[in-house]
Participant: 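First the structure, which I've put down as structure tokens, then a few questions once you've had a look.
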There are 2 protein chains.
Amino acid sequence: MVRNEARRNALLDAAIDVLAEEGARGLTYRAIDAKAGVPAGTASNYFASREDLMSEVAIRVTQRLAPSEESIAESLALPRDRSLTVKFMHDIVKRADADKASYLAMMELRLEATRRPELRTALTKTFAANLDFNIAFNAESELPGDRMAVILLYFGMTGFIYERLTLPDVAAMTDLDEFIEVLVTRAIG
Amino acid sequence: MVRNEARRNALLDAAIDVLAEEGARGLTYRAIDAKAGVPAGTASNYFASREDLMSEVAIRVTQRLAPSEESIAESLALPRDRSLTVKFMHDIVKRADADKASYLAMMELRLEATRRPELRTALTKTFAANLDFNIAFNAESELPGDRMAVILLYFGMTGFIYERLTLPDVAAMTDLDEFIEVLVTRAIG
DNA sequence: CTTCAACCACGACAACTGTAGTACTATGGG
DNA sequence: CCCATAGTACTACAGTTGTCGTGGTTGAAG
């Protein structure tokens, strides 16, 4: 198996775009090659099987979705109150809007995880760690809201972004700023 | 195009199972025939194209996901307070658990809607009407909580069920009863 | 310069897919 | 009884797919 990391990542990024644009159904070796602008057959030199490819895509998407260290550090310089939580929620939406392909690819992968135990295990680990981190972070940073508040924010934002990316006109029935404002206010309790 | 409604619905139900079990990728005429236990080629006698098939599946899924009139009437005999809202939320989870295939199929369709304007229009109409109905219903039935409360419940439950069906072990980090209890209490404000 | 492993381009192949066509069957109205 | 119509079974076909093999190129170590 070929291990040219630069080219491998370029192929994985192409795979993410293909997943977002064509869905799991369109995710073929040839589609990836075409998207990445490399000769047909290249992707199959890098990924042993379609299954293998998807596991690697999951890792790549996780990398791309993680917020940057800097942006977290930057936010932590601000006062630790409700308005900071509001800012974090806005950041999540901004990130989703800025990299729709990654979010949509992740949604495709989550559906795939339903039938591929290996992928499910990997994604479960990632998402559980993420939620745990958020709960701990909220407590340690002395941000307002208990554990349940973080969970309500988590599921509320998950649902909202899911709707915003798949059925934007339904999400648009709710004003973004007002939604986040009310969500945070009431979740914190 | 053949119009034997019983057989057509059987094929659509088979298609929903296939979507849930194999994903959009596995949704082929032959897979539907096999699932429905009819001779190969049957599904293609009923659906002009794969596109056409998916539109019809969307309609069928919507039918299957709608709560029964009786169960609504039954609930409305109960006192119109917070505990009734809690009951409604539990009903949603029960319905999702009881018909996972329909929910998973709908998730596949929502992702498809991302790239098929016709499907997106149809689903947008359905989901917008559903949300509007819930908001109006909450007000008319003199249930506690304003418009925003209903929206918070909507997105909170959407996110929770999405997680529960795709990554159950992550959702299981949160106790179901406690989640609904706190969600309703804080959403109502 | 030679060698050798990693990388790359390309093609082959069997399996599967969407779609459309054709002919058989059932049935109920005249 | 006849036959028109809807439903059904089956098949053909061209295009696409996952996967694997083969041979060529590169670039650095010896």
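The chains referred to below are lettered A, B, ... by the order of the sequence lines, with proteins before strands, and numbering in each begins at 1. These numbers were taken from a predicted model, which means no experiment stands behind them.
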Participant: Measuring to OP1 and OP2 of D:dA6, would you say a side-chain N or O of B:Asn4 lies under 4.0 angstrom away?
Facilitator: no

Participant: Specify the separation, in whole Å, of atom CD of A:Glu5 and atom C1' of C:dC7.
Facilitator: 13 Å

Participant: Out of B:Arg64, B:Gln63, B:Arg60, which residue meets the side-chain hydrogen bond (donor to acceptor under 3.5 Å, both in side chains) rule with B:Ser102?
Facilitator: B:Arg64

Participant: Tell me: CD1 of A:Ile32 to P of D:dT16, nearest whole Å?
Facilitator: 17 Å

Participant: When you measure from the side-chain N and O atoms of A:Arg50 to the phosphate of D:dG18, is any distance below 4.0 Å, counting only OP1 and OP2?
Facilitator: yes

Participant: Are there over 12 heavy-atom neighbours, none belonging to A:Glu118, within less than 6.0 Å of that residue's CD?
Facilitator: no

Participant: What is the distance, to the nearest angstrom, from the CG atom on A:Asp52 to the C1' atom on D:dC20?
Facilitator: 15 Å

Participant: Have a look at B:Asn45 and say if it touches a base, only the backbone sugar-phosphate, or nothing, with a 4.0 Å heavy-atom cut-off.
Facilitator: base

Participant: Does B:Arg25 put a side-chain nitrogen or oxygen below 4.0 Å from OP1 or OP2 of D:dG18?
Facilitator: yes

Participant: Verify the distance criterion only: is there a donor paired with an acceptor across the side chains of A:Arg120 and A:Thr114 at less than 3.5 Å?
Facilitator: no

Participant: In this structure, how many angstroms lie between the C1' atom of C:dC16 and the CZ atom of A:Arg30, rounded?
Facilitator: 13 Å

Participant: Which part of the nucleic acid does A:Leu27 contact within heavy-atom distance under 4.0 Å: base, sugar-phosphate only, or nothing?
Facilitator: sugar-phosphate

Participant: Taking the cut-offs as 6.0 angstrom to the six-membered ring centre and 45 degrees off its axis, would you call A:Arg164 and A:Tyr103 a cation-pi pair?
Facilitator: no

Participant: Determine: side-chain N/O of A:Arg7 to OP1/OP2 of C:dA9, distance under 4.0 Å, yes or no.
Facilitator: yes

Participant: Please state how far atom OH in A:Tyr46 lies from atom P in D:dT19, giving the value in whole angstrom units.
Facilitator: 18 Å

Participant: Name the orientation class of the two ring planes belonging to A:Phe155 and B:Phe160 (parallel below 30°, tilted from 30 to 60°, perpendicular beyond 60°).
Facilitator: perpendicular

Participant: Could you state the atom-to-atom distance from CE of A:Met54 to P of D:dT19 in whole Å?
Facilitator: 10 Å

Participant: Choose from D:dT17, C:dA9, C:dC7 the nucleotide whose nearest atom is closest to any side-chain atom of A:Val2.
Facilitator: C:dC7

Participant: Answer yes or no: side-chain N or O of A:Ser44 and base N or O of D:dC20 forming a donor-acceptor pair under 3.5 Å.
Facilitator: yes

Participant: Looking only at N and O atoms, is any donor in the side chain of B:Arg3 or the base of D:dG7 less than 3.5 Å from an acceptor on the other one?
Facilitator: no

Participant: Output the rounded distance in Å from OH (B:Tyr29) to P (D:dA9).
Facilitator: 17 Å

Participant: Write down the distance between CD (B:Glu51) and C1' (C:dT19), rounded to a whole number of angstrom.
Facilitator: 14 Å

